[in-house]
Amino acid sequence: MIRAKIKVVQDRQKSYHDQQKKALEFQVGDHVFWRVSPITGVGRALKSRKLSPKFIGPFEVLSKVGPVAYHIALPPNLSNLHPLFHVSQLRKYILDLSHVIEFDPVQVHENLSYDVFLVKIVDHRIKQLRGKDISLVKVIWNASDEGDTTCEPKDKMKEAYPHLFFNQ
């Protein structure tokens with residue numbers, strides 16, 4: 001009797017779960033979004049920020065490789081990534097050309113990192129920590145994105161970019 005009741009409860013829980021789960025299947029030529037995540041490391045192929053998008057795309061499905069794997073067309077700046085993706089990493093997209101957004105011109109290396117370039121130093125300040133003064137400079141990176149700024153220690157920036165500090 002107890003086993004029968006446990007079976008009934010398990011069946012009910014399974015039916016609740018199955019109602020929420022949809023079997024995803026894409027056809028060749030469909031467009032999909034690709035999930036990028038900073039936790040899995042795949043998102044490092046793009047700019048790493050807290051507010052980076054969870055999905056990028058749309059990308060065209062080129063072929064179905066297995067029951068849960070798809071080969072998608074990646075743009076040239078992501079060409080060093082493997083083009084096969086599990087269905088859980090993809091979301092269906094109905095094609096609308098007004099939604100297409102251009103990627104940032106980032107060249108991704110084999111280890112999924114990218115180069116950043118210093119554009120200019122815009123500010124200087126001194127931070128006090130427990131009686132110690134730390135000289136910081138505000139740096140703008142990558143000319144394509146004005147919002148990509150960080151505060152860096154002045155000493156380290158002088159070592160890396162001495163030509164920017166010739167008058168100080």
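- Evaluation of the salt bridge (Lys or Arg N to Asp or Glu O under 4.0 Å) rule for Lys5 yields no partner, not counting sequence neighbours.
- Residue Met1 belongs to no hydrophobic cluster, having no ILVMFWY side-chain heavy atom closer than 4.5 Å to its own.
- Partners of Phe55 under the side chain to side chain contact (heavy atoms under 4.5 Å, CB included) rule, at least two apart in sequence or in another chain, are Phe33, Arg35, Arg91.
- Side chains of Met157 and Val139 form a contact here, defined as non-hydrogen atoms less than 4.5 Å apart.
- Taking all atoms of both residues into account, the shortest heavy-atom contact from Leu24 to Tyr70 is O-OH, 4.3 Å.
- No side-chain heavy atom of Phe26 sits under 4.5 Å from any side-chain heavy atom of Ile72.
- For Gln27, the side chain to side chain contact (heavy atoms under 4.5 Å, CB included) test picks out Glu25, Asp30, with sequence neighbours left out.
- Remark: His86 engages Val68, Ser88 in a side chain to side chain contact (heavy atoms under 4.5 Å, CB included) (not counting sequence neighbours).
- Scanning all heavy atoms of the two residues, the minimum distance from Phe59 to Ala73 falls at CD2-O, 3.4 Å.
- Sorted by first then second residue, the salt bridge (charged side-chain N to carboxylate O under 4.0 Å, His left out) pairs that include residues 79-90, not counting sequence neighbours, number zero.
- Under the side chain to side chain contact (heavy atoms under 4.5 Å, CB included) criterion, Val122 pairs with Lys120, Lys138, Ile140, sequence neighbours left out.
- The side-chain hydrogen bond (donor to acceptor under 3.5 Å, both in side chains) check on Lys7 picks up Asp11, with sequence neighbours excluded.
- Side-chain contacts under 4.5 Å among hydrophobic residues (ILVMFWY), followed directly or transitively, place Ile6 together with Ile2.
- Nearest heavy-atom pair, Ser135 versus His124, reported as atom, atom and distance to 0.1 Å: OG-NE2, 2.8 Å.
- With a 4.5 Å cut-off between side-chain heavy atoms of Ile, Leu, Val, Met, Phe, Trp and Tyr, the cluster of Ile126 takes in none.
- Residues Glu60 and Gly29 approach most closely at OE2-CA, 3.8 Å, considering heavy atoms.
- Each salt bridge (charged side-chain N to carboxylate O under 4.0 Å, His left out) pair with one or both residues in residues 68-83, not counting sequence neighbours, would appear here, but there are none.
- Side-chain contact between Leu74 and Phe85: present, with at least one pair of heavy atoms (C-beta onward) separated by less than 4.5 Å.
- Residues Trp34 and Ile56 form a side-chain contact, since some pair of their non-hydrogen atoms from C-beta on lies under 4.5 Å apart.
- Other residues, nucleotides and ligands contribute only 12 or fewer heavy atoms inside 6.0 Å of the NZ atom of Lys127.
- Residue Leu84 is found in a hydrophobic cluster whose other members, listed by chain and number, are Val65; membership requires side-chain heavy atoms under 4.5 Å apart, directly or through intermediates.
- Proximity of Val28 to Leu62: side-chain heavy atoms (C-beta onward) are nowhere separated by under 4.5 Å.
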